[in-house]
> 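Please read through the structure below; I'll follow up with questions.
We use all heavy atoms of the structure for the numbers below, so side chains are in, but hydrogens, waters and symmetry mates are not. Just so we're on the same page: letters track the sequence lines, and every chain starts at 1. Quick caveat: nothing in here was measured; it's all calculated off a predicted structure.
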2 protein chains.
Amino acid sequence: METTPEPGKRAYQSTELRQTATVEAVVQLCAEQDPATLTTARIADEVGLSQGALFKHFPNKSRLWESVAGWVAEQLTSQVFSKAEQHELADQALEAMFLAHIGFIARHPGIPRLMLGELQKPGNGPAKTIIRQTLSRYRKKVVGLLELGIQQRRIGPGIDTEAAAVLYIGAIQGLVVQAMVSGEIHTIEHTAPRIFKLYKAGLQELPDEPEK
Amino acid sequence: METTPEPGKRAYQSTELRQTATVEAVVQLCAEQDPATLTTARIADEVGLSQGALFKHFPNKSRLWESVAGWVAEQLTSQVFSKAEQHELADQALEAMFLAHIGFIARHPGIPRLMLGELQKPGNGPAKTIIRQTLSRYRKKVVGLLELGIQQRRIGPGIDTEAAAVLYIGAIQGLVVQAMVSGEIHTIEHTAPRIFKLYKAGLQELPDEPEK
DNA sequence: CAAGATAAAGTAATTACTTACTTTCTTTTG
DNA sequence: CAAAAGAAAGTAAGTAATTACTTTATCTTG
């Protein structure tokens with residue numbers, strides 16, 4: 001598992017390396033533990049460091065969380081947005097984004113816990129602000145693609161784009177909640193295309209109210 | 001607000017009353033505070049009790065959370081399911097459920113924090129089990145209504161009911177996440193009908209893949 | 001060898017829960 | 001039916017465990 005160092009020989013590393021290693025360790029740990037219960041001791045142990053040494057690389061726990069939030073925002077947006085740009089048609093771009101997002105979560109099961117955990121905190125901590133901005137930016141990207149899709153005649157012209165963006169994020173959340181309930185994270189990659197198909201059907205705009 | 005008792009005369013109450021008062025206080029507090037950071041001292045203070053007195057009514061904190069989870073499950077299912085039974089047509093029942101659920105959350109903004117907080121914990125604590133069972137039961141109810149809707153010809157016959165149930169719960173989650181991001185809880189009651197309209201459109205089943 | 005990385009031990013604050021005792025309510029009984 | 005006895009509800013202070021963060025001294029390495 002770990003590169004066992006010669007007994008007595010410690011592997012000193014630069015703060016920069018330790019910082020990224022620590023952030024990734026936190027993301028890793030969130031896959032198996034509630035972020036709220038993550039202690040500096042547990043994190044240090046995962047990195048292979050004494051608890052005190054952690055504070056040579058981060059001034060305090062809050063800043064560590066800030067770095068983690070930044071890492072998540074960076075990874076998520078870069079990985080998801082890049083997939084969107086590989087498609088001309090807006091609806092296909094949306095589908096690619098959707099599946100990339102779900103894949104990202106499947107690869108890092110701690111991410112939803114992390115993001116939801118931050119959002120749950122009231123107030124406006126720095127970490128929460130980063131997550132909020134990321135989600136806000138994400139939402140705007142989706143709205144933009146939806147409007148493009150309408151121009152391209154791939155999406156019904158009367159579609160409520162704001163609502164559709166909320167439902168898009170909700171579709172992801174629904175899969176996440178289902179995974180939390182069932183406890184099996186990897187089912188979501190299988191279910192995701194079915195969910196998106198249904199979501200997309202709602203964007204097509206039909207006959208109007210069948211009742212009344 | 002409170003019936004101020006004669007000074008010096010304390011209002012001793014039965015454990016039963018204290019228990020329900022405490023549970024409701026916790027739900028109330030979750031509207032403004034992360035459940036993970038709720039201390040017994042803060043709870044006792046809200047009830048108007050010394051911290052130690054709390055343990056005359058609950059053997060430990062874990063059992064208190066169990067009671068809270070039970071209260072939430074009870075209230076949510078009774079309020080939401082009862083609305084469903086007032087409608088003959090399955091799609092109208094689903095809409096009524098949806099709006100009732102959002103209304104319930106708007107009246108008790110702490111509920112999502114509570115439920116998500118529990119689901120976030122790994123393992124199978126008693127409180128988490130209650131929430132899980134509640135969501136599972138909820139999901140089955142939705143699937144049942146969807147199948148009924150197909151029989152009634154209100155919903156497309158080829159609809160993936162399992163996926164549609166996940167998306168239904170996701171639609172609620174999407175609204176919750178939006179509220180967490182914006183910080184304004186009461187917008188969800190306004191947005192909810194727009195989201196459901198979009199969701200319902202996806203259940204109508206159309207021409208098949210427009211591309212390929 | 002100097003700058004910086006690390007461990008190990010320590011500290012103050014917080015938290016769930018306990019204990020010792022007091023006050024109120026309920027029940028039994030002379 | 002009052003008074004005493006007992007049970008239940010309350011407080012206030014204490015305790016052990018945990019936690020984020022500090023300090024001191026030692027070890028690595030460019």
Side-chain angles (χ1 to χ4, degrees), chain A residues 2-23 25-26 29-30 33-69 117-118 121 123 125-127, chain B residues 2-23 25-26 29-30 33-69 117-118 121 123 125-127:
Chain A
E2 293 166 18
T3 50
T4 342
E6 273 54 25
K9 297 223 171 192
R10 275 172 250 174
Y12 279 35
Q13 307 228 348
S14 70
T15 40
E16 199 181 13
L17 282 178
R18 287 299 194 200
Q19 280 173 347
T20 64
T22 303
V23 166
V26 169
L29 281 171
C30 284
Q33 203 172 335
D34 184 0
T37 72
L38 256 189
T39 68
T40 53
R42 179 77 187 86
I43 294 167
D45 188 58
E46 185 79 9
V47 185
L49 228 49
S50 72
Q51 189 239 1
L54 214 62
F55 291 89
K56 299 291 172 179
H57 308 293
F58 292 94
N60 50 51
K61 205 189 184 186
S62 178
R63 285 283 190 84
L64 168 54
W65 278 110
E66 210 174 319
S67 295
V68 172
E118 279 305 320
K121 302 184 193 168
Chain B
E2 292 167 20
T3 51
T4 340
E6 275 51 26
K9 296 222 173 194
R10 271 173 254 175
Y12 277 36
Q13 306 231 344
S14 70
T15 42
E16 201 182 8
L17 282 178
R18 288 298 194 201
Q19 280 173 347
T20 64
T22 304
V23 166
V26 168
L29 282 171
C30 284
Q33 203 173 337
D34 184 359
T37 72
L38 257 190
T39 68
T40 53
R42 180 77 187 85
I43 295 166
D45 188 57
E46 185 79 9
V47 185
L49 229 47
S50 72
Q51 189 239 2
L54 214 62
F55 292 90
K56 299 282 175 178
H57 308 293
F58 293 94
N60 51 52
K61 205 189 185 187
S62 177
R63 285 285 192 85
L64 167 54
W65 280 108
E66 211 174 319
S67 294
V68 172
E118 278 304 319
K121 302 185 194 169

> Along nucleotides 8-18 of chain C, 5' to 3', which nucleotides get a B, which get an S, and which get a -, given that the test is a protein heavy-atom distance under 4.0 Å?
B------SBBB
> Might you point out which heavy atoms bring A/Trp65 and A/Cys30 nearest each other, and give the distance in Å?
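The answer is CH2-SG, 4.3 Å.
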> For B/Leu54, report the nucleic acid contact type (base, sugar-phosphate, nothing); a contact means any heavy atom under 4.0 Å.
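B/Leu54: no heavy atom of the nucleic acid under 4.0 Å.
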> Please round to the nearest 0.5 Å and tell me the distance separating atom CG of B/Leu29 and atom CG of B/Asp34.
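It is 12.0 Å, given to the nearest 0.5 Å.
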> Checking A/Glu66 now: which residues fulfil side chain to side chain donor-acceptor pair (under 3.5 Å) with it, not counting sequence neighbours?
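Partners of A/Glu66 under the side chain to side chain donor-acceptor pair (under 3.5 Å) test: none.
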> Looking at C/dG4, I'd like to know if its phosphate oxygens (OP1 or OP2) sit under 4.0 Å from a side-chain N or O belonging to A/His57.
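Answer is no, no contact under 4.0 Å.
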> Could you state the atom-to-atom distance from CG of A/Leu17 to C1' of C/dT6 in whole Å?
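One finds 15 Å between C1' of C/dT6 and CG of A/Leu17, rounded.
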> Please tabulate, for the side chains in residues 48-61 of chain A, all donor-acceptor contacts under 3.5 angstrom to protein atoms that are two or more places apart in sequence or on a different chain.
{"unit_1": "A/Ser50", "atom_1": "OG", "unit_2": "A/Ala53", "atom_2": "N", "d": "3.3"}
{"unit_1": "A/Gln51", "atom_1": "NE2", "unit_2": "A/Thr40", "atom_2": "OG1", "d": "2.8"}
{"unit_1": "A/Asn60", "atom_1": "OD1", "unit_2": "A/Ser62", "atom_2": "N", "d": "3.3"}
{"unit_1": "A/Asn60", "atom_1": "OD1", "unit_2": "A/Arg63", "atom_2": "N", "d": "2.9"}
{"unit_1": "A/Lys61", "atom_1": "NZ", "unit_2": "A/Leu38", "atom_2": "O", "d": "2.8"}

> Can you measure B/Glu16 atom CD to D/dA9 atom P for me and round it to whole angstrom units?
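B/Glu16 atom CD is separated from D/dA9 atom P by 11 Å.
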> Could you state the CG-C1' distance from B/Asp45 to D/dA12, rounded to the nearest angstrom?
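Spelled out: CG on B/Asp45 to C1' on D/dA12 is 15 Å.
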> Measure from OH on A/Tyr12 to P on C/dA5 and round the result to the nearest Å.
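Rounded to whole Å, this separation is 10 Å.
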> Give me the distances for all protein-to-nucleotides 5-7 of chain D N/O pairs that come in under 3.5 Å?
none

> Tell me the closest heavy-atom pair linking A/Ala69 and A/Ala127, and the distance in Å.
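Taking every non-hydrogen atom into account, CB-O, 3.8 Å.
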> Please give me the minimum heavy-atom distance between A/Val68 and A/Val23, naming the atom from each residue.
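Smallest heavy-atom distance, with atoms named: CA-CG1, 3.9 Å.
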> Can you find a side chain N or O atom of A/Thr15 that sits less than 4.0 Å from OP1 or OP2 on C/dG4?
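Result: no.
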> Which residues satisfy the side-chain contact (heavy atoms from CB on, under 4.5 Å) test with A/Thr39, sequence neighbours excluded?
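Partners of A/Thr39 under the side-chain contact (heavy atoms from CB on, under 4.5 Å) test: A/Ala41, A/Arg42.
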> B/Leu49 has an atom CG; how far is it from atom C1' of D/dT11, in whole Å?
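Computing the B/Leu49:CG to D/dT11:C1' distance gives 9 Å.
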> Whole angstroms only, please: what is the CD1-P distance between A/Ile43 and D/dC21?
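Going from A/Ile43 (CD1) to D/dC21 (P), I get 11 Å.
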> Restricting to non-hydrogen atoms, name the atom on A/Thr20 and the atom on A/Leu17 that form the minimum distance, rounded to 0.1 Å.
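Of all heavy-atom pairs spanning A/Thr20 and A/Leu17, the closest is OG1-O, 3.0 Å.
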> Please state whether the phosphate of D/dA8, meaning OP1 or OP2, lies under 4.0 angstrom from any side-chain nitrogen or oxygen of B/Arg18.
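No.
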